[in-house]
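See structure below.
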Amino acid sequence: GTLFLDERCRLATPNAAGTANALIYGHNTASGSMFSQLLNYADKAFYTAHPTFQFDTLYEEGTWQVAAVLRTELGADALPYYSFFDASTQEEWQQRVDAILELSLYDTGVVPQYGDQLLTLSTCHPYTQNTQRYLVIAERDPDAAPATHEEDLAECAGSWDAAPRQVTVESPDGTAAVEEIAPESL
């Protein structure tokens with residue numbers, strides 16, 4: 001698998017604006033790669049230490065402020081996150097943002113305004129479920145200076161979680177067992 005942008009989204013290019021909300025999906029892997037690190041945002045202390053992250057495209061560098069962290073079930077929300085890409089009106093935008101903020105695990109103090117660019121990162125939660133999702137929703141910070149490569153590496157080193165991962169292993173007969181595996185061995 002790989003991270004991928006929802007087909008209904010567009011990222012901004014020099015010749016065209018992107019959708020109001022770019023939705024990127026990624027696996028919650030036992031190895032700790034892809035989007036499994038998003039689960040750290042369930043802990044508000046982790047958010048406090050990492051209120052922003054860097055997401056760059058071929059055309060621009062961007063710092064993003066976390067606005068909401070939530071767990072949800074597919075089909076459970078009246079205004080599901082996976083159908084919000086653009087809004088026809090300011091009122092529709094506000095309804096969508098309010099619905100997202102209402103489900104947030106905690107208040108980040110970041111309230112996106114109409115016209116702000118949003119980025120939604122989505123992964124499965126827990127690892128074995130296909131209907132539950134864990135989301136980090138952020139707004140682009142136009143005033144932030146881009147992080148240097150060295151700053152990115154230092155932040156990654158500081159947030160690495162060496163704790164064993166619980167992995168569900170299924171056998172050919174259909175039974176499953178949970179095993180603990182050190183992340184460096186995956």
Side-chain angles (χ1 to χ4, degrees), residues 1-28 34-44 46-125 131-147 151-152 155 159:
T2 187
L3 303 178
F4 66 94
L5 181 69
D6 190 287
E7 67 182 338
R8 297 165 287 185
C9 297
R10 294 177 317 279
L11 295 176
T13 68
N15 300 323
T19 50
N21 183 26
L23 173 55
I24 300 176
Y25 299 98
H27 288 296
N28 173 11
M34 292 200 199
F35 275 0
S36 60
Q37 295 297 313
L38 293 179
L39 296 158
N40 290 327
Y41 276 102
D43 180 1
K44 190 170 182 182
F46 182 85
Y47 160 76
T48 301
H50 308 280
T52 64
F53 60 87
Q54 193 75 20
F55 174 71
D56 302 331
T57 70
L58 293 173
Y59 304 106
E60 61 185 351
E61 296 178 341
T63 298
W64 298 78
Q65 300 174 324
V66 175
V69 176
L70 54 127
R71 289 187 193 107
T72 189
E73 183 104 11
L74 294 177
D77 306 325
L79 297 171
Y81 75 94
Y82 50 83
S83 66
F84 175 38
F85 307 106
D86 278 316
S88 306
T89 65
Q90 186 170 351
E91 181 181 1
E92 180 187 354
W93 163 272
Q94 197 60 54
Q95 288 174 337
R96 292 297 197 141
V97 169
D98 289 347
I100 289 166
L101 295 177
E102 185 176 305
L103 295 173
S104 188
L105 298 177
Y106 47 82
D107 182 6
T108 65
V110 177
V111 180
Q113 301 299 312
Y114 181 69
D116 289 347
Q117 176 67 47
L118 298 180
L119 178 63
T120 299
L121 308 176
S122 173
T123 192
C124 52
H125 175 77
T131 60
Q132 296 177 0
R133 295 295 179 267
Y134 189 84
L135 312 169
V136 172
I137 300 168
E139 72 170 359
R140 192 167 199 282
D141 182 355
D143 300 323
E151 290 169 332
D152 283 344
E155 182 174 346
S159 64

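Side chains included, hydrogens not; waters and symmetry mates left out as well; all remaining heavy atoms used. Keep in mind it's a predicted model, so treat the numbers as computed, not measured.
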Could you tell me which non-hydrogen atom of [X] sits nearest to which non-hydrogen atom of [Y], and how far apart they are?
| X | Y | answer |
| --- | --- | --- |
| G109 | D107 | N-OD1, 2.8 Å |
| T108 | Y47 | O-OH, 3.2 Å |
| R10 | A17 | NE-O, 3.7 Å |
| C9 | N21 | SG-O, 3.6 Å |
| R133 | S122 | CD-OG, 3.8 Å |
| L103 | L70 | O-CB, 3.4 Å |

For [X], enumerate each residue passing the ring pair (Phe, Tyr, Trp, His ring centres under 6.0 Å) test, keeping only those at least two apart in sequence or located in another chain.
| X | value |
| --- | --- |
| Y25 | F4 |
| Y59 | none |
| F35 | none |

Looking at residues at least two apart in the chain, or sitting in another chain, which of them share a side chain to side chain contact (heavy atoms under 4.5 Å, CB included) with [X]?
| X | value |
| --- | --- |
| D141 | Q65, D143, A144 |
| D43 | A45, F46 |
| A22 | L5, L11, Q117, L119 |

*Please list, chain by chain and in numerical order, all residues satisfying salt bridge (charged side-chain N to carboxylate O under 4.0 Å, His left out) with E92, sequence neighbours excluded.*
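E92: no salt bridge (charged side-chain N to carboxylate O under 4.0 Å, His left out) contacts found.
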*asked:* Could you work out, with salt bridge (charged side-chain N to carboxylate O under 4.0 Å, His left out) as the rule, every residue matching R71, not counting sequence neighbours?
replied: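 R71: no salt bridge (charged side-chain N to carboxylate O under 4.0 Å, His left out) contacts found.
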_Approximate separation, where rounding is to 0.5 Å, of E7 CD and F85 CZ_ =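 One gets 8.5 Å once the value is rounded to the nearest 0.5 Å.
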*From I100 CD1 over to L135 CG, what is the distance, rounded to the nearest 0.5 angstrom?*
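Spacing of CD1 (I100) from CG (L135) equals 8.5 Å.
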*Using modelled atom types only, decide if a donor and an acceptor are shared between the side chain of Y41 and the backbone of H50 within a distance under 3.5 Å.*
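Answer holds: yes.
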What pairs with [X] under side chain to side chain donor-acceptor pair (under 3.5 Å), at least two apart in sequence or on another chain?
| X | answer |
| --- | --- |
| S104 | none |
| Q94 | D98 |
| D86 | none |
| T123 | none |

*asked:* Looking only at side-chain N and O atoms, does D116 offer a donor or acceptor that is under 3.5 Å from a partner on Q113?
replied: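 D116 and Q113 do not have a side-chain donor-acceptor pair below 3.5 Å.
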*Is the shortest heavy-atom distance from the side chain of L121 to the side chain of F55 under 4.5 Å?*
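Not in contact.
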_Close side-chain approach of L105 and Y134, heavy atoms under 4.5 Å_ =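 With C-beta onward as the side chain, the pair touches.
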*Go through the steps to decide whether F53 and L38 satisfy the test side chain to side chain contact (heavy atoms under 4.5 Å, CB included), and finish with yes or no.*
CA-CA 11 Å; F53 60 87; L38 293 179; over 6 Å; no
*Worked verdict on L118 versus W64 for side chain to side chain contact (heavy atoms under 4.5 Å, CB included)*: CA-CA 8 Å; L118 298 180; W64 298 78; 5.6 Å; no
*Check the pair T120 / F84 against side chain to side chain contact (heavy atoms under 4.5 Å, CB included), numbers first and verdict last.*
CA-CA 10 Å; T120 299; F84 175 38; over 6 Å; no
